[in-house]
Amino acid sequence: EPIRVCYVALLDDDGEIGRRNAQKRKELPPIFDADKILESLHDDREDPANQARISVNVPTPQRWLNSEPGDPRLARVRWKFTTKWREDQCIDRILEIPHTKYERMKPIFQNFYFSVDKSGLHPVYIERPAQLEIGNLKKAGLSIGDFIFHYLWITEYIWEIKFQGDENAKTLQILDLKGLSITLVRGKTFEVIKKMIKLFGMHWPERSFKAFIINAPFWFNGIWGVVKQFVNKRTVEKFRVFSSSSDSKFHKELLNYVDAENLPVQYGGSNPCKLDEAPLELEMKAYAHSVVQKHNMKMEEVAWRPDGR
């Protein structure tokens, strides 16, 4: 009988045990392991062992319900799965880890948070996939693990620091494919990108508001057909593809969401600011430096960068 009572108590617990365990984990330094992150892509979300213990009295967040319309059971499973994954992989605490390679990574991975749209809820995110060459990591003395850490670190910064965990915040993306070579999407770089797309689809659902793909090469439609297999259908519907960044239709549609002064000149706006000197970028950079300094460490200086960056 005592065993049965204890079992029932565990099932009906209001989350106190979980909170105690979380507190114990916080007392230990966070550890990031990129290999385990990638291995976790194969975890079975339906396995109770891979799900966080969350009281039935705690409702499923709306963002997760939106990710699986008409299937609240699956939405809750995904939420519990990600909650445990975030704890196990220290994603909840990744911003506590000094990002000493932040400055060295920026010239390699050309992505920028430039501004915020008219609603104030959607950061304008600009990425240049053509300038991401995995081979450059080695030249810069960096690893794929460093790249994965950087990508997750900046993502968590935007949602948890800039937007204070607001569940309604979503990115407005500009994916500039200028210079993209078909050889780039057939090698190791593309394999890493596919894994990252899958990872974000699993654990950061409903974080995309609109996405504009510009300067798409003639062969892009074939590759896009492959990429769409790794992206949630609801997310795919938010994408618009334009062959040129100078397309007036692209400018008109983008300006429906973002004021001209908050868009770079090259994308139809009136802001002459360099992408890496945008206010959001400078805020993130300052935060990265502050965490490094807090741990009495030094930010590593850029030792190598691709030509023209």
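We use all heavy atoms of the structure for the numbers below, so side chains are in, but hydrogens, waters and symmetry mates are not. We're numbering straight along the sequence, starting at 1. Fair warning: this is a prediction, and the values are worked out from it, not measured in the lab.
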Do K210 and E253 meet the salt-bridge criterion of a basic N to acidic O distance under 4.0 Å? no

Test: K36 and E39 ion pair at under 4.0 Å: no

Does the side-chain contact (heavy atoms from CB on, under 4.5 Å) test come out yes or no for Y257 and F212, once each step is laid out? CA-CA 12 Å; Y257 304 105; F212 297 88; 4.2 Å; yes

Starting at [atom1] of [X], measure out to [atom2] of [Y] and round the result to the nearest 0.5 Å.
{"X": "H99", "Y": "F149", "atom1": "NE2", "atom2": "CZ", "answer": "5.5 Å"}
{"X": "Q110", "Y": "D276", "atom1": "CD", "atom2": "CG", "answer": "7.5 Å"}
{"X": "I154", "Y": "M105", "atom1": "CD1", "atom2": "CE", "answer": "9.5 Å"}
{"X": "C90", "Y": "E96", "atom1": "SG", "atom2": "CD", "answer": "8.5 Å"}
{"X": "I144", "Y": "D35", "atom1": "CD1", "atom2": "CG", "answer": "9.5 Å"}
{"X": "Y267", "Y": "S246", "atom1": "OH", "atom2": "OG", "answer": "12.0 Å"}

Start with the C-alpha gap between M299 and Y102, add the side-chain angles, then the distance that decides, and say whether side-chain contact (heavy atoms from CB on, under 4.5 Å) holds. CA-CA 8 Å; M299 181 68 72; Y102 181 87; 3.9 Å; yes

Identify the two heavy atoms, one from [X] and one from [Y], that lie closest to each other, and give their separation to 0.1 Å.
{"X": "A49", "Y": "K84", "value": "O-CE, 3.2 Å"}
{"X": "G120", "Y": "F163", "value": "O-CE2, 3.4 Å"}
{"X": "M196", "Y": "I148", "value": "SD-CG1, 4.0 Å"}
{"X": "P205", "Y": "R78", "value": "CB-NH2, 3.7 Å"}
{"X": "L142", "Y": "K101", "value": "CD2-CD, 3.5 Å"}
{"X": "L137", "Y": "S143", "value": "CD1-O, 3.7 Å"}

Note, [X] side chain near [Y] side chain (heavy atom, < 4.5 Å):
{"X": "L275", "Y": "Q266", "answer": "yes"}
{"X": "P72", "Y": "L65", "answer": "yes"}
{"X": "L177", "Y": "P129", "answer": "yes"}
{"X": "I91", "Y": "F32", "answer": "yes"}
{"X": "H289", "Y": "Y287", "answer": "no"}
{"X": "P306", "Y": "Q131", "answer": "no"}
{"X": "V124", "Y": "V116", "answer": "no"}
{"X": "I213", "Y": "F239", "answer": "yes"}

Which is it for S119 and H122 under the side chain to side chain donor-acceptor pair (under 3.5 Å) test, yes or no, and what are the steps along the way? CA-CA 7 Å; S119 74; H122 308 134; 3.3 Å; yes

Quick check: is [Y] connected to [X] through a chain of hydrophobic side chains (ILVMFWY, heavy atoms under 4.5 Å apart)?
{"X": "L175", "Y": "V258", "result": "no"}
{"X": "V302", "Y": "M297", "result": "no"}
{"X": "V58", "Y": "L74", "result": "no"}
{"X": "L41", "Y": "F147", "result": "yes"}
{"X": "W204", "Y": "Y151", "result": "yes"}

Students often mix this up, so state it plainly: with edges at 30° and 60°, are the rings of [X] and [Y] parallel, tilted or perpendicular?
{"X": "F109", "Y": "H150", "value": "perpendicular"}
{"X": "H203", "Y": "W85", "value": "parallel"}
{"X": "F242", "Y": "F250", "value": "tilted"}
{"X": "W153", "Y": "Y157", "value": "parallel"}
{"X": "Y125", "Y": "Y113", "value": "tilted"}

E87 and R93: CA distance, side-chain angles, deciding distance, salt bridge (charged side-chain N to carboxylate O under 4.0 Å, His left out) verdict: CA-CA 8 Å; E87 294 174 354; R93 302 179 60 196; over 6 Å; no

Does [Y] offer a backbone N or O that forms a donor-acceptor pair with the side chain of [X] under 3.5 Å?
{"X": "N50", "Y": "R45", "answer": "no"}
{"X": "D259", "Y": "N262", "answer": "no"}
{"X": "T82", "Y": "W79", "answer": "no"}
{"X": "N271", "Y": "E261", "answer": "yes"}
{"X": "K106", "Y": "N111", "answer": "yes"}
{"X": "S55", "Y": "N57", "answer": "yes"}
{"X": "H295", "Y": "I97", "answer": "no"}
{"X": "Q164", "Y": "I161", "answer": "yes"}

Is it true that, when you exclude K298 itself, more than 12 heavy atoms of the residues, nucleotides or ligands shown sit nearer than 6.0 Å to its NZ? no

In this structure, are over 12 heavy atoms from other groups packed under 6.0 Å from K285 atom NZ? no

Assess, by modelled atom type and distance only, whether the side chains of S208 and Q173 contain a donor and an acceptor separated by less than 3.5 Å. yes

Could you walk me through whether T155 and F200 pass side-chain contact (heavy atoms from CB on, under 4.5 Å), step by step? CA-CA 10 Å; T155 298; F200 276 75; 3.3 Å; yes

Evaluate D47 against Q51 for side chain to side chain donor-acceptor pair (under 3.5 Å), listing each step before the verdict. CA-CA 7 Å; D47 185 344; Q51 299 174 13; over 6 Å; no

As a quick check of understanding, evaluate salt bridge (charged side-chain N to carboxylate O under 4.0 Å, His left out) for R73 and E46, giving each step before the final call. CA-CA 11 Å; R73 185 205 70 83; E46 295 287 349; 3.1 Å; yes

Show me the pairs that pass salt bridge (Lys or Arg N to Asp or Glu O under 4.0 Å) and involve residues 166-180, at least two apart or across chains. R63-E167, E167-R207, K170-E206

Do any pairs count as a salt bridge (Lys or Arg N to Asp or Glu O under 4.0 Å) and have a residue in residues 144-158, sequence neighbours left out, and if so which ones? R86-E156

Listed partners of K162 passing salt bridge (charged side-chain N to carboxylate O under 4.0 Å, His left out), at least two apart: E283

CA sep, side-chain torsions, deciding dist, call: V192, L132, side-chain contact (heavy atoms from CB on, under 4.5 Å): CA-CA 11 Å; V192 173; L132 172 61; over 6 Å; no

